[in-house]
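Below, chain A is the first sequence line, B the second, and so on; all start at residue 1.
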Amino acid sequence: FSSREKIDGAVLEELEQILIESDIGVQHSMALIGKLEEAIKTRDLDRPALIKGYIRNEILGVLSADGHQLKRPASDPFVIMVVGVNGVGKTTTIGKLARRFTQAGEAVLLAAGDTFRAAAAEQLEIWGGRVGADVIRHQSGSDPSAVIFDALKAAESRKAGVVIADTAGRLHTKVNLMEELKKMKRVMDKVIPGTPHEVLLVLDATTGQNALSQARIFNEAVGVTGIVLTKLDGTAKGGIVTAIVGELGLPVKLIGIGEGMEDLRDFDPEEFVRALFE
Amino acid sequence: TLTEKFNTVIRDVTGKGKLSEENIQDALKSVKMALLEADVNYKVVRDFLNRVKDRSVGEEVHRSLNPGQQFIKVVQQELTALMGGTDSKVKLASAAPTIIMMAGLQGSGKTTSVAKLARIYKNKGHRPLMVAADVYRPAAIHQLQVLGRDLGIPVYSSESQDPVAICSAAKQKAVAEGFDLVFLDTAGRLHIDDNLMHELERIKADVSPHEILFVADAMTGQDAVNIAQRFNERLEITGVILTKLDGDARGGAALSIRTVTEKPIKFVGVGEKMDQLEVFHPDRVASRILG
Ligand SMILES: Nc1nc2c(ncn2[C@@H]2O[C@H](COP(=O)(O)OP(=O)(O)OP(=O)(O)O)[C@@H](O)[C@H]2O)c(=O)[nH]1
Ligand SMILES: Nc1nc2c(ncn2[C@@H]2O[C@H](COP(=O)(O)OP(=O)(O)OP(=O)(O)O)[C@@H](O)[C@H]2O)c(=O)[nH]1
Ligand SMILES: [Mg+2]
Ligand SMILES: [Mg+2]
């Protein structure tokens, strides 16, 4: 912001551009600016430099809500289900996440729940090999719920610490595919009551406002417990998570910052908000 | 919907001789909202609105009794014109083989689109060869081989870790064995990864593709402009494939990409199956963006 003397329409328009260009979304940007306009009237916000601070604090307040950590149950295995639309980085994220646990000396089992896409199981097997996790898989085209069933049974008999279930990418608008996901979740609960303990929705940081629909519909279908925001090593800001956290209360738990096995970080709201305004 | 909003505008504007700047202000605001909600890039929206405004202000409306409807027509015409025509043909080279290189961000749908496109041309009687030049992603080569096996289309791959060498060898094979179309499947990469963008430049320099298709996800947000610009600057793309249009993303990225590159959107992906690649229809995508 330039050092203009007062807050006028031009300053607010400049702010609107910054917010929208970071993919915070039109509705949410308007809401933030609306709040700001109220604050300008009632508080001491008379300089443009203070505006940025106000908006940053608003966003930080939303994003800093509780629940950033993975919630692990008292007894093993810790079962995590990973879902999301096509190509967002589910399988890669699972490889990275598995490594966190194997590095800590835990026995990790990966379930190749994508039985549809070409070479999906092979891709997960390579990741399993890289990070030291076993992979349970069936033939391509088989029932994904059967893979999940076998994986949980194997986890119990092998006393695995963690099970991470990969699922096929699917657009949230495809009702039959969302039903398939619900079935996989029911199967898990049947084999080990209370599972999955975490349902992680993977979102691509380059996605625009459609990420909000994705979050809404996946949450309605299977109850999302956390979000993984991938590809933050690109130039997209991923601002839409502000709306997702604000409106749906879904916490962002992890971020993906590259294609390598080490490129996974815990979500840091301060760092994220700073990058939003860079 | 935008149509409903415009109907309010029609009521306010009907009966006036010309569309004045004041009349248009509210109407423009509705268009701005619709485009931004469709993920069209902020600056692209601003430029588009200025164009629409220039065209509408003072536009003769006494001949048509419905200035509001005339305004809508201006918006739709401008948008459809911006989206470009149906130039969906892949430019076949005068001397075979025609080489088509796919490029784009990670996960945008390149490998799937290579197979879909090769299938279209096989069904037209051509002899396509698909080339597995992604040496980085786990099982990427395997993925293309499975698709090739399912479609009955040969896949070239090698033990080489150098995508430039792979593409070069594939071209030689195509010439030697009479394949008339070569599809290069490249690894996903960031537009800001200088090394990997340079790798694409080296492939281009070595095999001289006749088509360079930028594959982009229809749900891409504001960054679509930045991404497309970088790919175009470094490669001079010849066309765009917009994928995952079978979802409910409004697809504003299409307008952003088209505006900044001025290259035609040739195909759209409308599903995961091999028969789900269609010719791009600018009017359909335009009305989807407008909501
Ligand atoms: N730059 C970058 N690329 C990533 C990141 N996460 C995943 N990718 C890449 O994105 C592409 C897709 O990743 P996948 O793990 O196959 O995505 P997916 O969601 O499992 O895809 P489907 O199973 O086909 O739906 C691959 O090329 C990954 O290497 C990230 O954080 N940064
Ligand atoms: N619904 C839908 N899914 C698609 C479409 N095109 C591709 N996909 C899916 O998107 C995911 C990613 O596709 P890929 O072809 O692996 O993408 P890619 O660009 O080759 O990925 P990288 O090589 O990792 O960069 C897969 O799950 C595909 O099935 C489409 O038009 N619609
Ligand atoms: Mg996957
Ligand atoms: Mg690929």
Contact winner vs chain B - R117(A), Q27(A), M30(A), heavy-atom pairs under 4.5 Å: R117(A)
Non-hydrogen side-chain atoms of K266(B) and F214(B) separated by less than 4.5 Å: no
L245(B) side chain reached by V285(B) side chain, heavy atoms, under 4.5 Å: yes
Student check: side-chain heavy atoms of E122(A) and R137(A) closer than 4.5 Å: yes
Engaged part of E259(A) at the chain B interface, taking heavy atoms whose separation is under 4.5 Å: side chain
Side chain / backbone / both / neither for S213(A) at chain B, heavy atoms under 4.5 Å: side chain
Residue among L124(A), T235(A), T173(A) with most heavy-atom pairs under 4.5 Å to chain B: T235(A)
Heavy-atom contacts under 4.5 Å, residues 103-123 of chain B to chain A: L105(B), Q106(B), G107(B)
NZ (K29(B)) with more than 12 external heavy atoms under 6.0 Å: no
Salt bridge (charged side-chain N to carboxylate O under 4.0 Å, His left out) partner of E262(A), chosen from R99(A), R100(A), K96(A): R99(A)
Chain A contact via L36(B) - which portion, at a heavy-atom distance below 4.5 Å: both
Interface residue of largest heavy-atom contact number with chain A, from D217(B), L147(B), D150(B), D223(B), under 4.5 Å: D223(B)
Residues from residues 164-171 of chain A approaching chain B under 4.5 Å (heavy atoms): G169(A), L171(A)
Polar side-chain atom of D263(A) near backbone of G260(A) as donor-acceptor pair, under 3.5 Å: yes
Chain A contacts, top residue of N41(B), V146(B), D246(B), N226(B) (heavy-atom pairs, under 4.5 Å): D246(B)
Residue part contacting chain B, namely of K174(A), when any heavy atom lies under 4.5 Å: side chain
Part of R46(B) lying under 4.5 Å from any heavy atom of chain A: side chain
Side chains of K43(B) and E21(A) in contact at under 4.5 Å (non-hydrogen atoms): yes
Q214(A) portion near chain B, given a 4.5 angstrom heavy-atom threshold: side chain
Polar side-chain atom of S142(A) near backbone of Q139(A) as donor-acceptor pair, under 3.5 Å: yes
Donor-acceptor contact below 3.5 Å, side chain E16(A) vs main chain I33(A): no
For chain B, the option from V88(A), V85(A), N210(A) that forms the most heavy-atom pairs under 4.5 Å: N210(A)
Side-chain touch I227(B)/T220(B), heavy atoms, less than 4.5 angstrom: yes
Residue R51(B) excluded, over 12 heavy atoms near CZ under 6.0 Å: yes
Within-4.5 Å side-chain heavy-atom neighbours: F218(A) and L203(A): no
Option in R250(B), E272(B), K244(B) with maximal non-hydrogen atom pairs under 4.5 Å from chain A: E272(B)
Qualifying residue for side chain to side chain contact (heavy atoms under 4.5 Å, CB included) with T242(A), from V252(A), I24(A), V273(A): I24(A)
CD (E159(B)) with more than 12 external heavy atoms under 6.0 Å: no
Test item: L255(B) and M83(B) side chains (from C-beta on) under 4.5 Å apart, heavy atoms: yes
